[in-house]
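Below is one structure, written out as structure tokens, with a few remarks after it.
When a ligand or atom number is given, it counts from 1 through the structure's own listing order. Residue numbers start at 1 and run along the sequence shown.
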Amino acid sequence: MTAMSGKQIIMNPTSFASDPATAYLLVAIMGAVIGSFLSMLVYRLPIILKRQWDRDCREALALAPPETAETFNIAWPASHCPQCRAPLKLRDNIPLFGFLLLGGRCRHCRAPIPRQYFLIEALTTLAAIAAVMHFGPTTRAAGAFLLGAALIALTFIDMREQILPDVITLPFLWLGLLVNRGGLYASLDSAVLGAIGAYLFLWVVFHAFRLATGKEGMGQGDFKLFALGGAWLGWQLLPLVLLFASLAGALYGGALILTRRLTRSTPMPFGPFLCAAIWLALFYGRPLMTLYLRGAHG
Ligand SMILES: [Zn+2]
């Protein structure tokens, strides 16, 4: 069985050819539903992790455990307004449309619902459509979408909290190696070297920068995120990822400094730029590298 060849069709191709509108609608609905899960995850995961760290620290310092707070996890409590805590009605919870029908405000207290929820759902929907348009109804598209979903969650968590949780980066690093066992996006050899090389490279840069300036230029989570990129893309595309991410980061940072919304010394998370660059490279990395190498060799 060539389960990982990437040419394996996971959706009936005749239904795609004969009725593309319905097929893409199903893809979009699946994307929106997963996007809805992600917007909840982006909000809840940092809180869950902080409570865990708080408990761990108190335990290590032999302090009294925190006062028993109400249960809070991925599934509990049910979706509610963060302002007035009124539970959401089923129809308000429909991805994308719930937000639009409510006009971006809570049904009860009219407090604005953060636009981030809508943005995450919309981006995830677009990611699902883009993956199927680019790779066709194949395992490659499914993998690209899954990676895209993880990168969207990491982007928004890093922007909000300046953390890249291990519970997302590490499983997706291993998953990258797993999907490339059959060479879905890169050879296994290239993926293993990519994961190790990427981590090592940023580790060296981090320590060199710290020795030279006494400052920490990035977070340790960035090493793991870059390693994840290496595992999915293979080592050959890593320079391209760094180039994309640095260019985007420099442009964005420059624009913020020019509009005086950021000073030179304010830390800016690098994770979102790495995430975008990894996903772009999964789609266009190989053709771009071929183009570049052809140009370089005349
Ligand atoms: Zn409310």
Side-chain angles (χ1 to χ4, degrees), residues 25-58 64-130 145-146 148-169 219 221 252 256 259 261-262 266-269 271-272 275-276:
L25 184 67
L26 287 176
V27 168
I29 291 172
M30 182 214 52
V33 169
I34 293 181
S36 175
F37 169 76
L38 290 183
S39 63
M40 181 273 293
L41 189 75
V42 165
Y43 168 65
R44 293 194 185 196
L45 185 60
I47 299 176
I48 295 170
L49 291 176
K50 277 180 190 160
R51 289 193 179 187
Q52 185 61 49
W53 290 329
D54 187 36
R55 275 196 296 273
D56 291 350
C57 290
R58 282 165 182 273
E67 284 165 38
T68 39
E70 53 202 294
T71 312
F72 189 90
N73 56 41
I74 292 295
W76 189 265
S79 303
H80 57 268
C81 167
Q83 200 66 41
C84 70
R85 309 192 68 78
L88 256 61
K89 288 200 164 77
L90 195 62
R91 63 184 157 177
D92 300 342
N93 232 337
I94 300 170
L96 296 171
F97 293 100
F99 185 91
L100 293 177
L101 290 175
L102 289 169
R105 285 178 180 278
C106 167
R107 181 183 293 281
H108 301 275
C109 69
R110 310 297 301 155
I113 303 165
R115 267 177 300 182
Q116 176 195 292
Y117 289 94
F118 183 78
L119 196 60
I120 291 173
E121 287 171 0
L123 277 177
T124 315
T125 309
L126 289 178
I129 295 171
F145 171 65
L146 217 57
L151 293 174
I152 288 172
L154 287 171
T155 295
F156 282 88
I157 293 176
D158 200 22
M159 283 198 300
R160 277 175 60 123
E161 311 282 340
Q162 278 81 52
I163 52 168
L164 293 164
D166 284 353
V167 288
I168 303 177
T169 50
Y252 182 75
L256 286 190
T259 56
R261 274 187 279 176
L262 188 83
T266 326
M268 189 179 69
C275 287

- request: Could you grab the angle centred on the Zn ion (ligand 1), going from SG in Cys81 to SG in Cys84, to 10°?
  value: 110°
- prompt: Quick check: does His108 have an N/O/S atom under 2.8 Å of the Zn ion (ligand 1)?
  reply: no
Shortest non-hydrogen separation from Ser79 to Arg44 and the atoms involved: N-NH2, 4.0 Å
message: Checking the side chain of Ser36 only, and the main-chain atoms of Ala32 only, is there a donor and an acceptor separated by less than 3.5 Å?
response: no
task: May I ask you to check whether over 12 heavy atoms, not counting those of Gln162, lie within 6.0 Å of atom CD?
output: yes
field: Vertex the Zn ion (ligand 1), rays to SG in Cys106 and SG in Cys109 - rounded to 10°
entry: 110°
- prompt: Is a salt bridge present between Lys50 and Asp54, judged by a nitrogen-to-oxygen distance below 4.0 Å?
  reply: no
